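Quick caveat: nothing in here was measured; it's all calculated off a predicted structure. Chain naming here is simple, since letters A, B, ... match the order of the sequence lines and numbering starts at 1 in each.
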2 protein chains.
Amino acid sequence: MPPELIAVLIAVSDDRPMVLTLEGGRLLPSGPLEAGHRSLQTGLRLWVEHQTGHALGHVEQLYTFADAPVDGGPDERRVMISYLALTRTRRGERGWRGWYDYFPWEDQTAPEGRALVQRIVRLLEDWAGRAPSAAGQEARRQRVALTFGLDGLGWDDELVLQRYELLWEAALVPESAPPGAAVLPGLSMARDERRVLATAMARLRAKIRYRPVIYELMPDSFTLLHLQRTVEAVAGQPMHKQNFRRLVAQQDLIEETGEVAPDTRGRPARLFRFRREVMGARRIAGSKLPLARPV
Amino acid sequence: MPPELIAVLIAVSDDRPMVLTLEGGRLLPSGPLEAGHRSLQTGLRLWVEHQTGHALGHVEQLYTFADAPVDGGPDERRVMISYLALTRTRRGERGWRGWYDYFPWEDQTAPEGRALVQRIVRLLEDWAGRAPSAAGQEARRQRVALTFGLDGLGWDDELVLQRYELLWEAALVPESAPPGAAVLPGLSMARDERRVLATAMARLRAKIRYRPVIYELMPDSFTLLHLQRTVEAVAGQPMHKQNFRRLVAQQDLIEETGEVAPDTRGRPARLFRFRREVMGARRIAGSKLPLARPV
DNA sequence: ACCTTTATGCTCATGTTGAGCATAATATAG
DNA sequence: CTATATTATGCTCAACATGAGCATAAAGGT
């Protein structure tokens with residue numbers, strides 16, 4: 001069985017991060033590596049274009065997973081080589097889903113997300129109390145505190161996978177919960193796809209801090225508020241407006257188009273475009289965004 | 001053909017980063033994923049222990065490579081899932097090689113390394129001039145400037161892979177040079193192993209900036225200068241001594257043992273140990289080292 | 001003429017970083 | 001025994017980055 005190539009294709013539409021899915025949101029585009037593929041990445045591109053009609057822009061490898069061996073099962077294992085891809089949505093394309101539909105607790109810009117985390121923390125504290133030994137209970141509590149930012153640690157938006165794995169272990173998601181048990185809100189997916197999506201979210205959130213990949217998700221021209229909302233949507237965290245602008249300005253990665261955004265409320269905002277030329281010519285010192293990651 | 005698991009096992013010995021090799025330094029430990037392996041990582045551990053007798057400590061996945069398809073060759077491709085592993089050398093173990101034996105230009109702490117880069121840059125400028133079009137020449141020059149830190153950009157120690165790939169394209173390494181042509185100093189390896197090693201070096205250099213992985217390479221107790229020399233050896237860059245100490249101190253990741261280093265010249269140095277307990281208990285805000293990455 | 005809304009400029013306290021001066025505590029050469 | 005070399009360690013300073021917030025500008029709507 002050849003390894004499978006699997007893509008997490010991300011776009012942001014109306015300030016919501018979206019992921020391209022198949023089969024009613026249960027699967028991600030994927031297909032086996034074939035002899036004719038010139039490289040892993042070309043194989044991936046072919047599969048995604050074939051299955052979704054969507055061409056890929058920025059692509060990077062994420063992680064390679066193998067499923068657990070089955071006793072008495074086949075000798076061959078399913079190996080998945082996963083990729084993160086960034087694009088823009090096109091009107092009318094089907095299969096796009098909001099990524100917070102799968103991970104509602106990851107959206108800390110919305111009050112519902114924050115309330116959900118409160119609920120989750122209570123459930124996880126119960127779970128921690130059910131550990132067999134006292135040391136085990138303490139270890140579980142510490143893990144909950146770290147991944148969910150308790151005890152003044154603060155929410156770390158990059159711990160998407162760690163949080164998902166914790167919820168899996170605590171049997172709070174349908175993938176691991178016993179049949180009929182209460183589970184958290186949020187769509188699940190087939191096989192390991194939700195884990196792959198979590199990996200992609202974590203990588204993208206980490207990456208926008210130090211590489212200007214956010215512009216892969218922006219249209220040709222945009223206002224500064226639009227850019228900020230996009231970053232906030234990806235990070236799932238609000239930001240300080242003036243500081244955001246100061247930072248973006250000093251990066252010198254965008255320039256004014258000279259136009260002004262149409263149909264806005266309030267004072268009209270200037271439009272900007274990404275200076276794609278500078279990408280090669282300069283080292284990008286740090287596109288570190290004012291996404292305060294607390295101590 | 002199942003995917004192959006391949007390990008880059010790193011240790012630092014006498015302030016030199018070492019890599020564990022087989023076959024006279026031509027190969028890295030590796031073996032196919034088998035049905036009995038519980039996971040990719042267990043498979044890797046089994047292979048490395050079997051081939052080298054060395055147990056693995058900290059392990060992380062690096063990247064998955066596929067070799068290019070051969071026209072009329074077999075349908076199946078070789079897929080390599082590579083890992084970075086960190087340990088301590090043990091006296092008398094065979095197969096350890098200095099990683100700068102393979103990449104002499106990556107050691108910018110030594111005058112020879114800096115001189116070699118000067119020579120490489122001249123060769124690459126010739127190569128840039130041989131591009132067919134004027135635009136192609138300019139693109140090549142810009143790439144050389146970026147990867148080797150010309151025009152005041154400064155040396156970026158994380159660009160190990162980019163530099164190796166550039167040298168490959170310019171046919172300055174034995175892997176790509178025509179037979180008999182002059183090539184750069186530095187050992188080469190079989191297959192794609194040198195590329196895998198470059199990937200590992202880049203990852204480790206990046207990682208020591210924001211995670212305390214350097215302590216995986218240290219003995220139980222060490223002086224601050226020993227720690228600094230280890231970081232410098234990995235990064236291939238010198239550091240400011242007082243600032244290094246200030247940073248390490250404020251991280252609060254190490255504590256004094258109360259003892260003093262034996263057989264040193266100069267004023268005796270206090271010994272420290274890594275506080276392994278804090279690893280789980282605290283978020284490591286930033287183990288960012290004073291490795292000035294220039295603008 | 002006001003109010004709401006968004007855009008934009010500016011200040012200020014605090015923290016971080018790069019550089020270097022100064023002094024302390026050893027061993028060894030003479 | 002003193003000078004010198006060598007490493008350890010404490011401390012200062014300027015430049016810059018960061019987080020927070022005040023103030024004002026420019027639109028549309030009541």
Nucleotide N/O to protein N/O under 3.5 Å, stretch nucleotides 26-29 of chain D:
{"from": "D:dA26", "atom 1": "O4'", "to": "A:Arg267", "atom 2": "NE", "distance (Å)": "3.4"}

B:Lys241 side chain near D:dT9 phosphate (N/O to OP1/OP2, under 4.0 Å): no
Sidechain N-carboxylate O distance under 4.0 Å for B:Glu232, B:Arg229: yes
Interface with DNA chain D, restricted to residues 220-229 of chain B and to heavy atoms under 4.0 Å: B:Leu225
Inter-residue atom distance A:His240.NE2 - A:Leu247.CG, 0.5 Å rounding: 12.5 Å
Any residue meeting side chain to side chain donor-acceptor pair (under 3.5 Å) with A:Glu112, in chain and number order, not counting sequence neighbours: none
Salt-bridge present (B:Lys207, B:Glu216; N to O < 4.0 Å): no
Side-chain donor/acceptor of B:Arg163 to backbone N/O of B:Thr147, under 3.5 Å: yes
Pairing of A:Asp220 and A:Arg88 as salt bridge, 4.0 angstrom limit: no
Of A:Tyr100, A:Trp105, A:Trp99, the residue whose pairing with A:Phe103 passes ring-ring contact (aromatic ring centres under 6.0 Å, His included): A:Trp105
Lys/Arg N to Asp/Glu carboxylate O, A:Glu60 vs A:Arg211, below 4.0 Å: no
Interatomic distance, A:Leu247 CG vs C:dT8 P [rounded to whole Å]: 16 Å
Spacing of CG belonging to B:Leu84 relative to CG belonging to B:Leu62, to within rounding of 0.5 Å: 5.0 Å
B:Glu255 bridged to B:Arg270 by N-O distance under 4.0 Å: no
Spacing between B:Phe244 atom CZ and C:dT16 atom P, to the nearest angstrom: 18 Å
Distance, rounded to the nearest Å, where A:Gln250 contributes CD and D:dA15 contributes C1': 14 Å
Could you list, one pair per line, each protein nitrogen or oxygen that sits under 3.5 Å from a nitrogen or oxygen of nucleotides 1-4 of chain D, together with the distance?
none

Stepwise salt bridge (charged side-chain N to carboxylate O under 4.0 Å, His left out) test for B:Asp107 and B:Arg16: CA-CA 10 Å; B:Asp107 184 7; B:Arg16 286 177 67 210; over 6 Å; no
Nearest-angstrom distance from the residue atom NE2 of A:His240 to C1' of C:dA7: 14 Å
Sequence neighbours excluded - salt bridge (Lys or Arg N to Asp or Glu O under 4.0 Å) pairs with any residue from residues 140-150 of chain A: A:Arg143-A:Glu169
Between P of C:dT17 and CZ of B:Arg209, the distance in whole Å: 12 Å
Salt-bridge contact A:Asp157-A:Arg209 (side-chain N to carboxylate O under 4.0 Å): yes
Using atom names, set out every protein N or O paired with an N or O of nucleotides 9-13 of chain C below 3.5 Å, distance rounded to 0.1 Å.
{"from": "C:dG9", "atom 1": "O6", "to": "A:Gln242", "atom 2": "NE2", "distance (Å)": "3.3"}

